[in-house]
Amino acid sequence: MCNSINCSHDLNDDLSDIFGGDIADVASANEFAQAVTAKATSSVTFEEKCPDCRGSGVFRSYTGRVVGDCFKCKGKGVRRFKTSAEQREKARASAAAKREQQAAEAYASAVAWLEANPIEAAWLREPVRGDFTFHADMLASLQKYGHFTERQEAAVRNAAAKSAARKAQWAAEKADREAGAAVLSMAKIREGFANAVQHLKRPKLRIADVQFSLAPAHGRNAGCIYVVRASDDTYLGKITPEDKFLTSRDCTQTDSDTVARVAADPAAAAEAHGHQYGQCSCCGRELTNPESVARGIGPICAGRWGF
């Protein structure tokens, strides 16, 4: 029925007259039936026992005490889904396979980018030192998504360029230091260490604020003697097996002079240290025995070091 005041339709009018044509032009019987079937199908639900409460409808604490209704099923013990468990499992497997494929494609894209940008790749792969993790975070992001954003890529290129410039500067400075490295006669101090290792696992000799120790026998600096500032553990350099003192940037002229003095006569330097500081230069203990105080070194340490 038409609600218009000027309606001219008769209650017995054919539907084709009302719609201005054949009713088949509006919707076919098959389409209507399919729509009804689809709607009915969409309203079908699958009822399953709640896996969280195992159908009990209650939530239990770790002690077994009931503390309320199950959060998942709202206390009903069952849950309703629009799809079956098999369909959901299939959908999850499909989604997982898609994620794996996307991750593999992203990783392959990241590898291609790293191969095309060796300078940036070297910087991104540097080990993490301290709290600076920006390069590690950027590498993880690249491997996850397969690409950088425009701003990320600009930041990576800028940081990598600065790092490369610093390394080039350090390499040049190191070459200059090695070229001008002092050659010292370390025979006496090496002889002292050779004697000390017969009695001590990690012998150390401290003169003033400079400490000498042996590099690990199986390390990349085997045969070298490490030199550090004892007060703050600052690395000052190393003495190579060729007796060249390769200094670090932190080594001062005072430190270099101390190293040269010890190299010339380690026994005399050890005794002078004991007289000045009242401590044994070999073990660091306070000198209290009159004989030790007079000599500047303990008799046991003197025997172990061959002084």
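In this view, Glu126 and Trp123, His135, Ser163, Lys167 satisfy the side-chain contact (heavy atoms from CB on, under 4.5 Å) rule, not counting sequence neighbours. Remark: Glu47 pairs with Arg80 by the side chain to side chain donor-acceptor pair (under 3.5 Å) rule, at least two apart or across chains. A search for side-chain contact (heavy atoms from CB on, under 4.5 Å) contacts involving Ser61 returns Thr63, Arg65, Val67, not counting sequence neighbours. When the side chain to side chain donor-acceptor pair (under 3.5 Å) test is applied to Ser56, no partner is found at least two apart in sequence or on another chain.
For residues 137-176, the set of pairs meeting the ring-ring contact (aromatic ring centres under 6.0 Å, His included) definition, not counting sequence neighbours, comprises Trp113-Phe148. Legend: side-chain hydrogen bond (donor to acceptor under 3.5 Å, both in side chains) pairs involving residues 285-299, not counting sequence neighbours: none detected. For the side-chain hydrogen bond (donor to acceptor under 3.5 Å, both in side chains) condition, no pair includes a residue of residues 262-282, sequence neighbours left out.
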Checking side-chain contact (heavy atoms from CB on, under 4.5 Å) for the pair Leu124/Gln143: CA distance, chi angles, key distance, verdict?
-> CA-CA 11 Å; Leu124 288 168; Gln143 293 173 340; over 6 Å; no
Could you walk me through whether Asn195 and Glu191 pass side chain to side chain donor-acceptor pair (under 3.5 Å), step by step?
-> CA-CA 6 Å; Asn195 292 326; Glu191 183 181 350; 4.7 Å; no
Go through the steps to decide whether Val259 and Thr247 satisfy the test side-chain contact (heavy atoms from CB on, under 4.5 Å), and finish with yes or no.
-> CA-CA 11 Å; Val259 172; Thr247 61; over 6 Å; no
Distance-only donor-acceptor hits, side chain of residues 202-211, under 3.5 Å, sequence neighbours excluded:
| unit_1 | atom_1 | unit_2 | atom_2 | d |
| --- | --- | --- | --- | --- |
| Arg206 | NE | Ala208 | O | 3.1 |
| Asp209 | OD1 | Ser231 | N | 2.9 |
| Asp209 | OD1 | Ser231 | OG | 3.4 |
| Asp209 | OD2 | Ser231 | OG | 2.8 |

Could you pull out every donor-acceptor pair under 3.5 Å between side chains of residues 87-96 and any protein atom, sequence neighbours left out?
| unit_1 | atom_1 | unit_2 | atom_2 | d |
| --- | --- | --- | --- | --- |
| Gln87 | OE1 | Ser84 | N | 2.9 |
| Gln87 | OE1 | Ser84 | OG | 3.3 |
| Arg88 | NH1 | Glu48 | OE2 | 3.2 |
| Arg88 | NH1 | Thr83 | O | 2.8 |
| Arg88 | NH2 | Glu48 | OE1 | 2.8 |
| Arg88 | NH2 | Glu48 | OE2 | 3.1 |
| Glu89 | OE1 | Arg92 | NH2 | 2.9 |

Considering only distance and modelled atom types, tabulate donor-acceptor pairs under 3.5 Å from the side chains of residues 219-230, sequence neighbours left out.
| unit_1 | atom_1 | unit_2 | atom_2 | d |
| --- | --- | --- | --- | --- |
| Asn221 | OD1 | Lys238 | NZ | 2.9 |
| Asn221 | ND2 | Tyr226 | OH | 3.0 |
| Arg229 | NH2 | Asp250 | O | 3.0 |
| Arg229 | NH2 | Asp255 | OD2 | 2.6 |

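The minimum heavy-atom distance linking Met186 with Ile189 is given by the pair CE-CG2, 3.0 Å. Nearest heavy atoms, Ile297 versus Cys282: CD1-SG, 3.8 Å.
Judged purely by atom type and a 3.5 angstrom limit, Thr240 uses its side chain to pair as donor or acceptor with the backbone of Lys244.
When side chains are defined from C-beta on, Arg79 counts as touching Pro51, because their heavy atoms get closer than 4.5 Å. For the pair Asp69 and Lys74, the minimum side-chain heavy-atom distance is 4.5 Å or more. Between Ile239 and Phe245, some side-chain heavy-atom pair lies under the 4.5 Å cut-off. Using a 4.5 Å cut-off on side-chain heavy atoms (C-beta onward), Pro266 and Phe212 make no contact. Side-chain contact between Thr258 and Arg261: present, with at least one pair of heavy atoms (C-beta onward) separated by less than 4.5 Å. Between Leu287 and Cys280 there is a side-chain heavy-atom pair separated by less than 4.5 Å.
In terms of hydrophobic clustering, with Ile, Leu, Val, Met, Phe, Trp and Tyr side chains grouped at heavy-atom distances under 4.5 Å, Phe71 and Val66 are assigned to different clusters.
With a 4.5 Å cut-off between side-chain heavy atoms of Ile, Leu, Val, Met, Phe, Trp and Tyr, the cluster of Ile300 takes in none. By the 4.5 Å side-chain criterion applied to Ile, Leu, Val, Met, Phe, Trp and Tyr, Val111 is assigned to a cluster that also includes Tyr107.
To the nearest 0.5 Å, atoms CE (Met138) and OG1 (Thr133) are separated by 9.0 Å. Atom SG of Cys251 and atom OH of Tyr235 lie 10.0 Å apart (nearest 0.5 Å). For the atom pair CD of Gln152 and CZ of Phe134, the computed distance is 7.5 Å after rounding to the nearest 0.5 Å. Glu120 CD to Leu139 CG: the interatomic distance, rounded to the nearest 0.5 Å, is 12.5 Å.
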